[in-house]
Amino acid sequence: SGLQIFADRTEEFRKVNILMKVPALKDGSFTLAESIAILLYLARKFKTPDHWYPSDLQKRARVDEYLSWQHVNIRGKGSKLFLTKVLLPLLTGQPLPPEKLESVTEELNIVLNQFEEKFLQDKPFIAGSEVSLADLVALVELMQPVGAGYDLFEERPKLAEWRRQVEEAVGKQLFQEAHEGILNAKSLTADKIAPELLEHFKHQLLKQAS
Amino acid sequence: MFVSTGFSVASLFVVTVYIWLQMTKIFFHLTSPAKYSTAILLYLSRKYNTPDHWYPSDIQKRAQVDEYLSWHHANIRANAPKTMWIKVLIPLFTGQPLPSEKLQEVMDGLSTSLKQFEERFLQDKAFIIGSEISLADLVAIVELMQPVGVGCDIFEDRPRLMEWRRRVEDAVGKELFFQAHEMILSIKELSNIQIDPRLKEQLAPVLLKMLK
């Protein structure tokens with residue numbers, strides 16, 4: 001059926017995606033960027049089990065609610081911490097000023113509190129009793145700061161329990177495989193990163209670091 | 001070439017509620033559950049069975065709406081509202097004059113987003129997903145009216161964007177469009193409001209932090 005998913009920035013990928021963002025999907029002549037749009041498209045196309053994106057309007061709204069909030073919050077602050085902690089020193093060749101790390105960590109903690117209090121509450125998963133795309137997206141984004149060496153689950157037992165349940169629902173082995181890259185991010189050196197990617201991150205960091 | 005759609009009662013309801021949500025968002029930004037307004041919009045569209053074009057059943061067209069809605073948050077939505085904060089709301093609450101480099105920074109960011117909007121999402125089409133208006137256009141236009149409301153006319157030097165705006169106004173209905181945006185378009189009058197000094201004191205540091 002010609003369904004392709006691009007997860008890295010090769011030349012071919014660039015033709016598919018003007019926005020230069022991973023991941024991207026190509027289904028015949030149809031191209032799509034934005035991970036959430038891709039996940040939803042795949043869920044619909046392959047008619048995945050209902051719980052991933054529930055047909056019940058209110059449960060679905062909970063998923064949508066999380067997916068829309070997370071962009072500038074979990075995703076935004078999580079990736080900011082990752083970029084600041086791992087990439088900034090690589091790009092500048094200087095050690096990271098401790099106040100800088102402290103302040104991005106604090107920003108992340110604020111959104112983690114909101115995540116626990118507003119989205120998770122006392123439920124096992126974001127939409128209720130079953131895992132959904134919201135939990136998947138959340139956990140994937142939370143692995144970024146973990147990959148940067150910030151174990152945010154350490155002092156958050158509710159979050160740790162939620163993570164355990166999502167991993168179980170997705171399947172432990174698949175989860176580890178999927179996160180191999182990010183969990184080895186700490187050992188990343190500048191020469192392992194493609195130059196245009198490095199440029200792109202530099203640009204993003206300058207935007208975010210102000 | 002685009003298809004002009006009849007405006008059902010359900011559509012009218014959803015559009016009005018959404019625009020109202022965006023307006024209240026400005027004032028409740030600090031406690032902000034209204035950030036989930038796209039979720040609310042989707043919920044309402046489904047509950048009231050609005051015409052298909054708002055969130056098409058065709059999975060590829062629907063994916064295009066999702067793609068826009070997803071990109072929107074970290075791009076248009078990250079910059080457009082800041083113009084309002086910088087030009088009106090922050091000076092109102094902090095008593096501090098407008099920081100001009102901050103506005104330039106925001107306008108530059110907005111320019112970049114608008115360029116991507118035109119090149120990736122709009123291209124040569126009438127609306128974001130093609131010949132019919134959808135939730136994507138609605139979400140975009142409501143945010144883009146905010147800089148207009150404070151005198152930063154982003155449509156001025158962008159004819160393609162201006163044409164798209166005209167089509168959206170026509171599809172939504174000019175009267176409804178301007179009614180809904182009345183508050184935004186008269187936001188500059190807020191500058192004349194007297195604010196309780198205690199409230200100013202409380203909110204000033206929070207507002208200044210938001211600018212970062």
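Residue numbers start from 1 in every chain, and the chains themselves are labelled A, B, ... in the order their sequence lines are given, proteins ahead of strands. Quantities reported herein were computed from a predicted structural model and do not represent experimental measurements. Because only heavy atoms are used, hydrogens play no part in the values below, and waters and symmetry mates are left out as well, while side chains stay in.
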Distance check, rounded to the nearest 0.5 Å: B:Gln64 atom CD versus A:Tyr41 atom OH?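 Here the rounded value is 10.5 Å.
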
How many angstroms lie between atom CD1 of B:Ile59 and atom CG of A:Leu32, to the nearest 0.5 angstrom?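 Going from the CD1 atom of B:Ile59 to the CG atom of A:Leu32 covers 10.0 Å.
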
Within a reach of under 6.0 Å around [atom1] of [X], are more than 12 heavy atoms found that belong to other residues, nucleotides or ligands?
X	atom1	answer
A:Gln121	CD	yes
B:Lys47	NZ	no
B:Lys115	NZ	no

Can you name the closest pair of heavy atoms from [X] and [Y] and give their distance?
X	Y	result
B:Ala39	A:Ala61	CB-O, 4.1 Å
B:Ala63	A:Ala37	O-CB, 3.9 Å
A:Val72	B:Ala74	CG1-CA, 4.5 Å

Under a 4.5 Å heavy-atom cut-off, does chain B meet the side chain of A:Leu57, its backbone, both or neither?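 Looking at A:Leu57, backbone and side chain both touch chain B.
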
Assess the residue pair B:Tyr43 and A:Gln58 against the criterion (side chain to side chain contact (heavy atoms under 4.5 Å, CB included)); give the C-alpha distance rounded to whole Å, side-chain angles, the decisive distance to 0.1 Å, and a yes or no. CA-CA 8 Å; B:Tyr43 176 79; A:Gln58 290 188 2; 3.7 Å; yes

For residues [X] and [Y], determine if any side-chain heavy atom of one lies less than 4.5 Å from a side-chain heavy atom of the other.
X	Y	result
B:Asp66	A:Arg44	yes
B:His73	A:Trp69	no
A:His71	B:Arg77	no

Please confirm whether the backbone N or O of A:Glu34 pairs with a side-chain atom of B:Glu67, one donor and one acceptor, at under 3.5 Å? no

